[in-house]
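The structure appears right after this line, and notes come after that.
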Amino acid sequence: MWSRPCDGRSLEVLWRLVLNGIPTADSLPLLQSRQCGCGLAIGPTRIHLYHQCAIVQPTWLAVQQQLCDDFSIPTPGLLQRRHIWMGIRPHPRLHQGIWDIVAIKLLAACESGRKNWFDRVLKLQHATVSAARRRGGGRGRARSSRTTGSIHRPPMAPGPAMIASVSQVVLAEFWSGLTEIASLGVLPPAWLQVVPLNHPFLHPDSTRSHWVVSSYE
């Protein structure tokens with residue numbers, strides 16, 4: 001998986017995940033009491049954040065659905081954690097290189113979601129502290145972009161609203177990652193000749209001259 005033509009930021013997520021280098025309750029004791037952005041777990045672990053969390057599950061299910069649609073396999077639970085974390089193909093007809101890229105981009109999208117909800121929760125906490133200081137007559141610190149939020153990451157508490165908002169971010173990040181790969185021309189030219197025209201996720205066009213992102217509507 002390490003040799004695939006993905007950007008360094010996406011590969012770094014995989015590397016840090018393997019080495020337990022991502023700030024989760026697995027690696028940092030101080031996070032063991034922190035609530036996940038989904039509001040359904042305390043002290044979220046790697047397995048929760050990158051597989052089980054309600055924020056990332058819609059994207060995992062979208063990947064599984066495309067496998068079921070293209071390969072006509074209506075098997076519940078077809079997509080397992082090892083298929084993504086280890087790059088193991090869930091079906092023999094999948095091109096290994098394309099599948100590795102799908103796995104890398106899915107994990108990168110999960111990481112984007114983790115950063116998104118963490119930032120929103122932190123902004124809400126800072127805003128709450130600042131409001132309490134003002135009510136108490138304290139001057140407090142000057143507000144920063146983190147405390148005021150932004151149009152992209154407004155302050156938000158863990159729970160259903162966070163799931164609804166950030167899960168869409170994760171899904172969009174995944175598909176935009178594949179779209180970028182397809183448009184940059186970084187995939188080995190030889191793949192255009194061997195990847196089936198009906199391959200899920202990424203496939204050659206009818207002339208086998210460039211890549212097309214499979215529909216995910």
Side-chain angles (χ1 to χ4, degrees), residues 1 6 9-10 12-14 16-18 20 22-27 31-32 34-91 94 98-122 124 152-154 156-179 181 200-202 213-217:
M1 295 176 73
C6 293
R9 184 170 55 182
S10 296
E12 182 184 0
V13 175
L14 176 63
R16 295 177 65 193
L17 186 65
V18 170
N20 198 18
I22 292 176
T24 67
D26 294 309
S27 57
L31 295 179
Q32 292 178 359
R34 181 177 290 276
Q35 189 177 33
C36 179
C38 67
L40 302 173
I42 301 297
T45 63
R46 287 180 299 169
I47 293 177
H48 176 82
L49 290 169
Y50 296 90
H51 184 210
Q52 299 172 339
C53 181
I55 289 174
V56 304
Q57 268 296 295
T59 304
W60 278 75
L61 291 175
V63 172
Q64 175 170 285
Q65 187 60 52
Q66 185 148 136
L67 290 172
C68 292
D69 290 345
D70 288 10
F71 293 134
S72 301
I73 305 176
T75 306
L78 168 67
L79 186 63
Q80 300 173 17
R81 180 162 54 92
R82 63 189 179 93
H83 295 139
I84 298 299
W85 287 31
M86 300 175 65
I88 297 174
R89 293 179 300 166
H91 193 282
L94 283 167
I98 298 296
W99 181 249
D100 285 345
I101 290 172
V102 168
I104 291 168
K105 289 301 181 180
L106 175 52
L107 292 173
C110 292
E111 171 65 359
S112 178
R114 182 192 69 82
K115 289 181 176 179
N116 191 298
W117 70 253
F118 188 87
D119 191 47
R120 292 185 184 207
V121 170
L122 201 58
L124 180 61
H152 301 295
R153 295 183 180 181
M156 188 176 293
M162 185 79 84
I163 294 173
S165 178
V166 184
S167 64
Q168 292 302 309
V169 172
V170 176
L171 186 61
E173 186 79 12
F174 170 70
W175 287 111
S176 67
L178 293 186
T179 300
I181 284 286
F201 309 109
L202 291 170
V213 178
S214 301
S215 173
Y216 54 92
E217 299 296 334

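Everything quoted here is computed from the prediction, not taken from an experiment.
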Identify the two heavy atoms, one from [X] and one from [Y], that lie closest to each other, and give their separation to 0.1 Å.
X      : Y      : answer
Trp117 : Cys36  : CH2-CA, 3.8 Å
Ser214 : Trp175 : O-CZ3, 3.9 Å
Ser176 : Glu173 : OG-O, 3.0 Å
Met1   : Ile84  : CE-O, 4.0 Å
Val13  : Ile22  : O-CD1, 3.9 Å
Thr59  : Val170 : OG1-CG1, 3.3 Å

Item checked: Val56 and His51: CA distance, side-chain angles, deciding distance, side-chain contact (heavy atoms from CB on, under 4.5 Å) verdict -> CA-CA 7 Å; Val56 304; His51 184 210; 5.8 Å; no
Next item on the list: Using the side-chain contact (heavy atoms from CB on, under 4.5 Å) rule, take Ile101 and Phe201 through it: C-alpha gap first, then chi angles, then the decisive distance, then the call.
Entry: CA-CA 10 Å; Ile101 290 172; Phe201 309 109; over 6 Å; no
Note to self: Holding to side-chain contact (heavy atoms from CB on, under 4.5 Å), I want the full list of residues that pass it with Ala62, two or more places apart in sequence or in another chain.
What the structure shows: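 Checked Ala62 against side-chain contact (heavy atoms from CB on, under 4.5 Å); matches are Leu171.
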Measure the shortest side-chain to side-chain distance between [X] and [Y] over non-hydrogen atoms and say whether it is less than 4.5 angstrom.
X      : Y      : answer
Val121 : Phe118 : no
Leu78  : Cys68  : yes
Tyr50  : Glu111 : yes
Arg46  : Asn20  : yes
Val166 : Arg120 : yes
His48  : Cys38  : yes

Checklist line | Test side chain to side chain donor-acceptor pair (under 3.5 Å) applied to Arg9 - qualifying residues, sequence neighbours left out | finding: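 In terms of side chain to side chain donor-acceptor pair (under 3.5 Å), with neighbours along the sequence ignored, Arg9 is linked to no residue.
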Note to self: Under the rule for side chain to side chain donor-acceptor pair (under 3.5 Å), what residues qualify as partners of Ser10, not counting sequence neighbours?
What the structure shows: Asp7, Lys105
Hey, does the side chain of [X] reach the backbone of [Y] with a donor-acceptor pair shorter than 3.5 angstrom?
X     : Y     : value
Gln64 : Leu79 : yes
Arg82 : Ile88 : no
Arg89 : Leu94 : yes
Trp60 : Gln80 : no

Margin query: Using side-chain contact (heavy atoms from CB on, under 4.5 Å), reason through Gln57 and Gln52 one step at a time and then give a plain yes or no.
Written below: CA-CA 6 Å; Gln57 268 296 295; Gln52 299 172 339; 5.6 Å; no
Let me confirm one number: the [atom1]-[atom2] distance from [X] to [Y], rounded to the nearest 0.5 Å.
X      : Y      : atom1 : atom2 : result
Leu124 : Met162 : CG    : CE    : 8.0 Å
Leu67  : Gln65  : CG    : CD    : 9.5 Å
Ile55  : Cys110 : CD1   : SG    : 10.0 Å
Ile104 : Leu17  : CD1   : CG    : 12.0 Å

Checklist line | side-chain contact (heavy atoms from CB on, under 4.5 Å) evaluation trace for Ile47 with Trp85 | finding: CA-CA 10 Å; Ile47 293 177; Trp85 287 31; 4.1 Å; yes
